[in-house]
2 protein chains.
Amino acid sequence: MKLDRFDKAILDILQTDGHISNQALAEQIGLSPAPCLRRVKALEQAGLITGYQALVDAKKLGLTLMALIGISMDQHTPERFANFETSIVTIPEVLECLLITGQQSDYLLKVVIRDMDDYQHLLLHKITKIAGVTGVHTSFVLRNVIARARLPIP
Amino acid sequence: MKLDRFDKAILDILQTDGHISNQALAEQIGLSPAPCLRRVKALEQAGLITGYQALVDAKKLGLTLMALIGISMDQHTPERFANFETSIVTIPEVLECLLITGQQSDYLLKVVIRDMDDYQHLLLHKITKIAGVTGVHTSFVLRNVIARARLPIP
DNA sequence: ATTAATAAGAAATTAAATTTCAAATTAATA
DNA sequence: TATTAATTTGAAATTTAATTTCTTATTAAT
């Protein structure tokens, strides 16, 4: 699927405001509502738009701590990795889990927790309990300079 | 503002599906549409819901590379940091920018780019051009095990 | 237990999404 | 370059959902 300027504008706007009405969206990109809606549906159908979500303020939920946790595994086998990944997705505090190169760590996790007690519990009773996890290195986030940024539309 | 089970259910559902109709949402949480809508509006008003966004597939946009870039600064002064932050927010490829502890780096960036050429250009012509940036260490993301997860509702 | 305050639900209204179809634009072919 | 086919647009009608209003019920406080 190739995108013209209308499609790109739609993606750009919907990443910023996923609740904009179709009429307002149509006006912003310079089309009438009917074709605008068709394009949005087509982008959803094509899998370019994978969903919509509300953005929630972590601090107002009491989730004031964010940490990055580097994880080292004992063996670099597909089985070890697969097992780790199926375990880690069940922990709701883990917002992100990336398999990475260029570090001592194999995985980098981003977690949000209420406080140090919760962090300790998460680390000692959940993460280090997963088979194969040998090393853990945590960085705490002091400031979130850019969050929830939108993808650049090429 | 304190949240009851209805509010928590709303936040949980809207983080998963920000496009659900108010009627369907009301049914899922076990309320009629009118009070359900009132609660959603109240959560928006209170700043618990900060917005809505469409989720876009990076690969389908041709953004096939994701990298984590650790940044070290020469001086740890508020002015240096402020300048870096105002510069970094203008780079659309930077999806996330965190000021962190526990690493050699001061900042950790998450970037998405098309390919190695774009990465090279981003690094050499944009990031390292910012005043005070002395060290850069890049990790490439091999696999995105968990992405765009939703906050756990306490 | 009684009152006040808050929240819920039904129904009416308003607004938006969706569909339909004729007109226009774009792309392809001769 | 003219002609045809395919695709896309936009106006209007229809359907659906959001929003408001008002009465009833529930919860909290005295």
Side-chain angles (χ1 to χ4, degrees), chain A residues 1-63 114 148 150-154, chain B residues 1-63 114 148 150-154:
Chain A
M1 183 182 185
K2 65 175 183 177
L3 307 173
D4 64 13
R5 65 189 181 89
F6 292 118
D7 296 316
K8 290 178 182 176
I10 288 170
L11 291 177
D12 201 46
I13 292 168
L14 287 183
Q15 279 193 104
T16 306
D17 180 7
H19 248 201
I20 190 174
S21 74
N22 181 58
Q23 305 193 359
L25 178 63
E27 192 173 8
Q28 280 199 35
I29 67 171
L31 273 181
S32 67
C36 180
L37 184 67
R38 270 192 293 263
R39 281 166 180 271
V40 172
K41 297 294 174 191
L43 289 167
E44 291 171 1
Q45 209 65 41
L48 267 141
I49 295 173
T50 58
Y52 297 85
Q53 70 175 198
L55 302 169
V56 174
D57 188 315
K59 282 189 183 157
K60 293 209 170 159
L61 280 179
L63 301 169
R114 186 183 296 272
R148 80 165 98 87
R150 57 191 206 276
L151 294 173
I153 310 295
Chain B
M1 182 183 186
K2 65 175 183 178
L3 307 173
D4 64 14
R5 64 188 182 92
F6 293 118
D7 296 316
K8 289 178 182 177
I10 287 171
L11 291 177
D12 201 47
I13 293 168
L14 287 183
Q15 279 193 103
T16 305
D17 180 6
H19 248 201
I20 190 174
S21 75
N22 181 58
Q23 304 191 1
L25 179 62
E27 192 174 6
Q28 280 199 35
I29 67 171
L31 274 182
S32 66
C36 180
L37 185 67
R38 271 192 291 263
R39 280 166 179 272
V40 172
K41 297 294 175 191
L43 289 167
E44 291 171 359
Q45 210 64 42
L48 267 141
I49 296 173
T50 58
Y52 297 85
Q53 71 175 196
L55 301 170
V56 174
D57 187 315
K59 283 190 181 158
K60 294 210 171 160
L61 280 178
L63 301 169
R114 185 183 294 274
R148 74 170 90 92
R150 57 190 206 278
L151 295 173
I153 309 296

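Convention: sequence-line order gives letters A, B, ...; per-chain numbering from 1.
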Closest listed nucleotide, where the reference is the side chain of B:A34 and the choices are D:dT9, C:dA8, C:dA10: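 Of the options given, the side chain of B:A34 lies nearest C:dA10.
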DNA chain C-proximal residues of residues 6-19 of chain B, any heavy atom under 4.0 Å: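 The stretch gives none, as no residue of it lies under 4.0 Å from the strand.
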Measure [atom1]/[X] against [atom2]/[N] and give the value in whole Å, please.
| X | N | atom1 | atom2 | value |
| --- | --- | --- | --- | --- |
| B:E27 | C:dA8 | CD | C1' | 17 Å |
| A:D4 | D:dT7 | CG | P | 16 Å |
| A:L25 | D:dG10 | CG | C1' | 16 Å |
| B:L3 | C:dA7 | CG | C1' | 16 Å |
| A:L31 | C:dT26 | CG | C1' | 15 Å |
| B:M1 | C:dT6 | CE | P | 14 Å |

Qualifying side-chain hydrogen bond (donor to acceptor under 3.5 Å, both in side chains) pairs with a residue from residues 24-40 of chain B, counting only residues at least two apart or across chains: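 Those involving residues 24-40 of chain B are B:D4-B:R39, B:D7-B:R39.
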Quick one: list whatever passes side chain to side chain contact (heavy atoms under 4.5 Å, CB included) with [X], sequence neighbours left out.
| X | result |
| --- | --- |
| B:L37 | B:N22, B:K41 |
| A:S21 | A:Q23, A:A24 |
| A:R114 | A:D118, B:P154 |
| B:A26 | B:P33, B:C36 |

Shorter than 3.5 Å, N or O on both sides, protein versus nucleotides 15-18 of chain D: list them out with atom names.
residue, atom, partner, partner atom, Å
D:dA18, OP1, B:N22, N, 3.0
D:dA18, OP2, B:N22, N, 3.2

With rounding to the nearest 0.5 Å, note down the distance linking [atom1] in [X] to [atom2] in [Y].
| X | Y | atom1 | atom2 | value |
| --- | --- | --- | --- | --- |
| A:I153 | A:L48 | CD1 | CG | 8.5 Å |
| A:I49 | A:L14 | CD1 | CG | 5.0 Å |
| A:I29 | A:I10 | CD1 | CD1 | 4.0 Å |

B:L61 and A:L3, any side-chain heavy atoms less than 4.5 Å apart: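 Sidechains of B:L61 and A:L3: in contact.
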Side chain B:R38 and base C:dA8 donor-acceptor under 3.5 Å: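 Yes, a donor-acceptor pair under 3.5 Å.
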Terminal helix-axis angle for the helix from C:dA1-D:dT30 to C:dA30-D:dT1, with five pairs defining each axis and rounding to 10 degrees: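 Comparing the axis at each end, I get an angle of 50°.
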Could you list the donor-acceptor pairs under 3.5 angstrom formed by side chains in residues 52-60 of chain B, with sequence neighbours left out?
residue, atom, partner, partner atom, Å
B:Y52, OH, B:E44, OE2, 2.6
B:Q53, NE2, A:Q15, O, 3.1
B:D57, OD1, B:K59, N, 2.9
B:D57, OD1, B:K60, N, 3.0
B:K60, NZ, A:A46, O, 2.9

Residues which pass salt bridge (Lys or Arg N to Asp or Glu O under 4.0 Å) with B:R150, listed by chain and number, not counting sequence neighbours: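 With sequence neighbours excluded, B:R150 shows a salt bridge (Lys or Arg N to Asp or Glu O under 4.0 Å) to B:D12, given in chain and number order.
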